[in-house]
Amino acid sequence: MRSPRLSWFNVVSTFILLVVVVVTLYPFLHMLAVSLSSDVHVMKNTVSFWPKGFNLNMYKLVLGDSQIWVAYKNTLIYTVLGTFISLVVTSTGAYALSRSDMALRKSFTLLIVVTMFFSGGMIPTFLVVRSLDLVDTVWGMVLPGAVSTWNLILMRTFFSGIPKELEESGRIDGLNDIGIFIRIIVPLSKASFATIALFYAVGMWNNFIYPLLYLRSPDLFPLQVLLRNLVLAGSASSGDVTSIGGDNMVIEESLKYATIMVSTLPILIVYPFVQKYFVKGAMIGAVKG
Amino acid sequence: MRKKVHRRPQRHKTGILRTWNKNKALWLLFLPCLLYYLIFRYAPMFGLVVTFKDYNLFKGIWASDWVGLKYYRMFIENPDFWPLMKNTFLLGLYKLFFGFPAPILLAILLNEVRKAAFKRVVQTVSYLPHFISNVIVASMVIMFLSPTGGLINNLLGAIGIGPINFMNEPGLFRGIYVLSEIWQHIGWETIIYLAALTAIDPQLYEAADMDGASRMRKIWHVTLPGISPAIVITLILNIGKVLEIGFEKVFLMQNPAIYDTADIISTYVYRVGMVQGNFSYGASIDLFMGVISLIFIYTANYISRRVSETSLW
């Protein structure tokens, strides 16, 4: 018997997997290192993945800027409110659709599935949002994307896996369908609620297209729009100094990396803890399609 | 005759009434969802009549004048038409060609890893970029590729190449975009295949062992056939999405210097429709592409049903 540990296959595949890990992690480590290094080393391009001349100046600059805090607050509002609304509408809809005794279930399902393949597109949707006076309001951020068809189908699959007997026992105790949903289904589906909530929250946190289309006033802008204005648009217009720096001459690169880190940190910190829920949710969606 | 007509509505009525009573609560639960789909998904579809009208801000959709196919003709006769179609199509095709097999390879490699801890580390790390926003990914790409102090140009400089102004070279955009897409989503997309892999009967591997099959042979004869339904379904979905390249990232990564290859239908729609306010024209282009996409997914599904008996519907 050959030892599997030394076979070519193992050597090559381990090498490829290590490359995947390095290529994925290195960019983040590099950004962190540059943002924590002193100007001299950044200018000389000698920073790799370990900070040289450690200092927190860039973070002081970024966190001292009021725009960042306004954007943070907006993003939090959109994420919390949006996730809540999405979760309520999706879970109630998914539960109704999961019940085989619901009349017109097939028609409703068809109505929903059709939207996966065909949509009105960017402009007619904008016209609808505008005619409802949602442009430049918090509601314009949270309502137009409230339900993701994919998440709805995922939740319906979760719910239809719950044994019918539990519902029947609730009915014997005199609950109606809404009571069964609130008292029996919701407590039984905490894991699925958590998964879907996480999907919606990440989507909302990262959303860029809705604010681009539906927001006008800068004091409503979320983090992603601010980030784009500072990091991407800023590089085209203002040369070496970005607007956060004010009059100070700052290394544009470190400042931008610090801004990116500040806005990504919440996800990077929460990610290891919630990662397994994401995966579980996606797995169930994958297996049952 | 008359009796029938008289009797039918009555039976109908009691039927409806009974259904209503039985389903009241369920329909009530479904109501918010229904309203959402009617308002934000179906109303825009009816709003597509603007593509046959000369949309006037003050008259609104319904009172604006009919213009028939004017805007469709305008788009097809536009000198930008073919370049845009080509860019959209090629970008989608590149992404399909390189982006589709990547997660399958990764999933197979992960499946062969014997050390559970190593497997878990690789998985956890590779999922991460999926949760980073497009704004940040685009920022990272542009900054790393910057000719002044960008990470990639520093590395190239160390081996005596460069500096290359990557984001101003139209010829490089597609490659950069597709690579960044693979970087961002490869890990996450392995999940569907890893799920399919867990469903393969371990006895098949044991039987292959008995027959003296090597690792590669087992992958070829057991693993791949085991996940082929998942591969086919994902392939159909991806073919259907060839023309629906995510707007956000292309929009964030492009700049006028590389419009030759980086301008696609959705970013063009945004520019003429939303920025220049030409709603009818923009919406027409969008609908035109939507119909082509629909034909794509329908054809892919049809072929798959014929060839492999796996299909979406």
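Shown here is B/Trp27, whose CH2 atom has more than 12 heavy atoms of other residues, nucleotides or ligands within 6.0 Å.
For A/Arg130, the part sitting under 4.5 Å from any heavy atom of chain B is the side chain, from C-beta outward, and nothing else. When heavy atoms are compared at a cutoff of 4.5 Å, A/Phe118 approaches chain B by way of both its backbone and its side chain. In this structure, no portion of A/Ile182 lies under 4.5 Å from any heavy atom of chain B. Proximity to chain B (any heavy atom under 4.5 Å) is restricted, for A/Ile267, to the side chain, taken from C-beta onward. Using a 4.5 Å cut-off between heavy atoms, B/Tyr127 contacts chain A through both its backbone and its side chain. Looking at A/Val128, the atoms closer than 4.5 Å to chain B (heavy atoms on both sides) all sit in the side chain, from C-beta outward. Residue B/Ile39 touches chain A through both its backbone and its side chain, counting heavy-atom pairs closer than 4.5 Å. A/Thr149 touches chain B through backbone and side chain together, each having a heavy atom under 4.5 Å away. Heavy-atom distances place the side chain of A/Tyr271, and not its backbone, under 4.5 Å from chain B. If you measure heavy-atom distances from A/Leu212 to chain B, the contacts under 4.5 Å come from both the backbone and the side chain. A/Leu268 touches chain B through its side chain: at least one heavy atom from C-beta onward sits under 4.5 Å away, while N, CA, C and O do not. Neither the backbone nor the side chain of B/Ile182 comes within contact range of chain A; no heavy atom of the residue lies under 4.5 Å from a heavy atom of that chain.
Contacts of B/Ile295 classified as side-chain contact (heavy atoms from CB on, under 4.5 Å), with partners at least two apart in sequence or in another chain: B/Val291, B/Thr299.
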Start with the C-alpha gap between A/Ser48 and A/Tyr26, add the side-chain angles, then the distance that decides, and say whether side chain to side chain donor-acceptor pair (under 3.5 Å) holds.
CA-CA 9 Å; A/Ser48 172; A/Tyr26 184 70; 2.9 Å; yes

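For the set A/Val89, A/Val202, A/Leu17, A/Ile260, the count of heavy-atom pairs under 4.5 angstrom toward chain B peaks at A/Leu17. The choice from B/Tyr270, B/Tyr55, B/Trp20 that makes the most heavy-atom pairs within less than 4.5 Å of chain A is B/Tyr270.
Using a 4.0 Å cut-off between charged side-chain N and carboxylate O, B/Asp209 and B/Lys218 make a salt bridge.
Neither side chain, A/Ser13 nor B/Glu112, offers a donor N or O lying under 3.5 Å from an acceptor on the other. B/Arg215 and A/Asn10 are linked by a side-chain donor-acceptor pair at a separation below 3.5 angstrom, with hydrogens and angles left out of the test.
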